[in-house]
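These numbers come from the heavy atoms of this one structure, side chains and all, not from hydrogens, waters or symmetry mates.
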Amino acid sequence: QVQLVESGGGLVQAGGSLRLSCAASGRSFSSYGMGWFRQAPGKDREFVAAISWRGVTYDADSVKGRFAISRDNAKNTVYLQLNSLKPEDTAVYYCAARQYSSGRYATDYDYWGQGTQVTVSS
């Protein structure tokens with residue numbers, strides 16, 4: 001069992017930056033693939049970025065070159081650096097985990113955090 005707690009969201013102007021954190025409880029964090037998803041009001045949850053348990057990263061085309069995912073296994077934490085933010089990045093951001101796996105779809109993950117709100121003003 002893994003519990004995930006996101007933090008770092010907030011209100012930022014367009015062009016600004018934020019760093020989201022997702023702290024995981026439980027053992028064997030290094031064996032978990034981690035993903036970030038987001039959901040805007042009235043829209044489906046969409047994939048943002050993921051990092052495999054081996055450290056391979058991949059992200060959505062909509063955030064490529066602006067967002068970066070990383071992990072610190074010693075701290076049981078995965079990060080999402082958000083740069084050059086746009087109003088369309090406004091959403092609740094969720095982190096997710098699955099042991100020895102990761103992917104671009106919500107069904108690829110077993111555990112989810114409660115989400116953190118990111119609001120980008122124009």
Side-chain angles (χ1 to χ4, degrees):
Q1 190 84 12
V2 174
Q3 291 185 323
L4 305 173
V5 179
E6 302 97 332
S7 61
L11 173 64
V12 63
Q13 288 188 329
S17 297
L18 285 172
R19 189 176 80 157
L20 307 183
S21 299
C22 173
S25 66
R27 290 184 260 182
S28 304
F29 173 76
S30 60
S31 69
Y32 282 81
M34 304 295 296
W36 284 97
F37 290 75
R38 66 186 181 185
Q39 188 166 19
K43 295 189 176 181
D44 293 334
R45 190 167 298 191
E46 66 170 347
F47 170 74
V48 176
I51 184 166
S52 75
W53 67 282
R54 294 179 183 272
V56 177
T57 63
Y58 44 103
D59 48 31
D61 289 343
S62 59
V63 305
K64 200 171 294 291
R66 300 190 299 123
F67 293 5
I69 189 171
S70 62
R71 65 189 299 157
D72 185 338
N73 290 335
K75 295 183 178 180
N76 282 16
T77 301
V78 62
Y79 302 99
L80 186 67
Q81 180 67 41
L82 289 64
N83 297 324
S84 303
L85 281 160
K86 305 175 182 180
E88 51 264 43
D89 295 319
T90 295
V92 177
Y93 284 70
Y94 299 89
C95 71
R98 187 170 190 174
Q99 197 167 28
Y100 297 122
S101 183
S102 59
R104 295 176 178 268
Y105 302 96
T107 52
D108 291 330
Y109 297 89
D110 297 319
Y111 304 101
W112 291 84
Q114 84 290 345
T116 186
Q117 176 72 47
V118 172
T119 303
V120 185
S121 63
S122 57

- Message: With a 3.5 Å distance limit and no angle check, can you tell me whether T90 reaches the backbone of V120 through a side-chain donor-acceptor pair?
- Response: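 At least one qualifying donor-acceptor pair exists.
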
Smallest separation among heavy atoms of [X] and [Y], with atom names:
X	Y	result
A14	P87	CB-CD, 4.1 Å
G9	L20	N-CD2, 3.6 Å
N83	S17	OD1-OG, 3.0 Å

May I ask you to test the [X]-[Y] pair for a side-chain heavy-atom distance under 4.5 Å?
X	Y	result
Q117	L11	no
Y93	E6	no
L4	M34	yes
S52	Y100	no
F67	D59	no
D89	R38	yes

[Y] reachable from [X] in the ILVMFWY side-chain graph, under 4.5 Å edges:
X	Y	result
I69	V118	yes
V2	L80	yes
V78	W112	no
V12	V63	yes

Interatomic spacing from [atom1] in [X] to [atom2] in [Y] - rounded to 0.5 Å:
X	Y	atom1	atom2	value
N76	S28	CG	OG	9.5 Å
Y109	S101	OH	OG	7.5 Å
F37	D44	CZ	CG	12.5 Å
S25	Y111	OG	OH	10.0 Å
Y32	N73	OH	CG	12.5 Å
S102	I51	OG	CD1	9.0 Å

- Please indicate whether K64 has more than 12 foreign heavy atoms, meaning atoms of other residues, nucleotides or ligands, lying under 6.0 Å from its NZ.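 More than 12 heavy atoms, drawn from other residues, nucleotides or ligands, come within 6.0 Å of this atom.
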
- Query: Got a sec: does the CD of Q114 have more than 12 other heavy atoms crowding it under 6.0 Å?
  - Reply: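 Counting neighbours around CD of Q114, more than 12 heavy atoms of other residues, nucleotides or ligands fall under 6.0 Å, so yes.
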
- Item | Geometric cation-pi criterion R71 and F29, 6.0 Å radius, 45° cone |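 Cation-pi check for R71 and F29: passes.
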
